[in-house]
Amino acid sequence: MDLDALRLFVDLAETRSFSKTAGKHFVSQSAVSQRVLSLEKELGHRLVERGKGRPGAHFTEAGERTLSYALEILARADALHRELADLGREIGGTLKVATVYSIGLHALTPAVTTFLRQYPMVNLHLEYLRTDKIYEALQAGTIDCGIVACPRERAGISILPLPSENMVVALPPDHVLAQKDTLAATELQGLAFVAFAQDIPTRDLIDTFLAKHGVTVRITQAFDNIETIKRVVEIGLGVSILPEPTIEREVRDGTLITRPLTGEELTRPTGVLLPKGRTPTRALERFLAVLT
């Protein structure tokens, strides 16, 4: 199908005038008419009514249907041209990303490695911040995107969901509950518990889960850094509920063990925070493609 003829046809739908369309494309009115006629012959339907005592171009039912497809075809063709043009240009520039430790040190690492391998010309700045500071930085325009757990809508910010993380009970290997293959939430009742700090969204997620099951734990210490939580659990000062991907190394080394929770599944949602209304850079577009 002739894309140039389609473009003339689409412009004709906008102007409803053969002469105005001709002027827009710097061709004769007769040339526009001939291109539309060739399109009609190819499709086997009259698309535009000419004359009949009415000024301008009037689209038939077939013409209106063709118009919707023509718009889609041209949009796809333009997207293809842009994508192919990108193949000949290096993706570069600076990309500023902020995340929390519990995601950045674990789930995000493989994606960052892949991205840097594919786009070595991008200067990626990866910063670790508390969740509230990530929201503030994004609203201030000092970062391009933020990656957080338990993302929440805020003014001027949209959320691109990422896979949720399964939450498990983390125990020192010699803990009495380590003899069990699975644990019910009620078995944590009264235990010494190492928690996330109060202002960390994952803390709210765990507190809500325990309260729903009528469980009260004895919080001995609370931290905003998941690495510190793991070290405290390792030395036997309490148990915790943590995202499973963050404990893989400790489980492999034998310094911690994990047990799944029976009954209702507990997962931690994660997502990318993006500024609404801001066109993403090519580097950010590629980064999001790798993440998702």
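As the structure is a computational prediction, the values presented were derived from the model and not from experiment.
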How long is the straight-line distance from CG of Leu177 back to CG of Leu191, given to the nearest 0.5 Å?
6.0 Å
Ionic contact status for Asp207 with Arg203, cut-off 4.0 Å:
yes
Could you tell me whether the side chains of Ser17 and Ser19 share a donor-acceptor contact shorter than 3.5 Å?
yes
Does Leu291 reach the side chain of Phe115, with side-chain heavy atoms less than 4.5 Å apart?
no
Is it true that the NZ or CZ of Arg16 lies under 6.0 Å from the centre of Phe59's six-membered ring and within 45 degrees of the ring axis?
yes
Heavy atoms, side chains only, cut-off 4.5 Å: are Glu187 and Arg259 in contact?
no
Compare all side-chain heavy atoms of Leu284 with those of Leu95 and state whether any distance is below 4.5 angstrom.
yes
Taking Ser158 for the side chain and Lys276 for the main chain, is one N or O donor matched with an acceptor at less than 3.5 Å?
no
Sorted by chain and number, sequence neighbours left out, salt bridge (Lys or Arg N to Asp or Glu O under 4.0 Å) with Asp132 holds for none
Any pair counted as side chain to side chain donor-acceptor pair (under 3.5 Å), so long as it reaches residues 99-112, sequence neighbours left out:
Ser102-Arg268, His106-Glu227
Does a side chain donor of either Thr15 or Thr21 reach within less than 3.5 Å of an acceptor in the other side chain?
yes
Applying side chain to side chain donor-acceptor pair (under 3.5 Å), can you list everything that pairs with Glu72, at least two apart in sequence or on another chain?
none
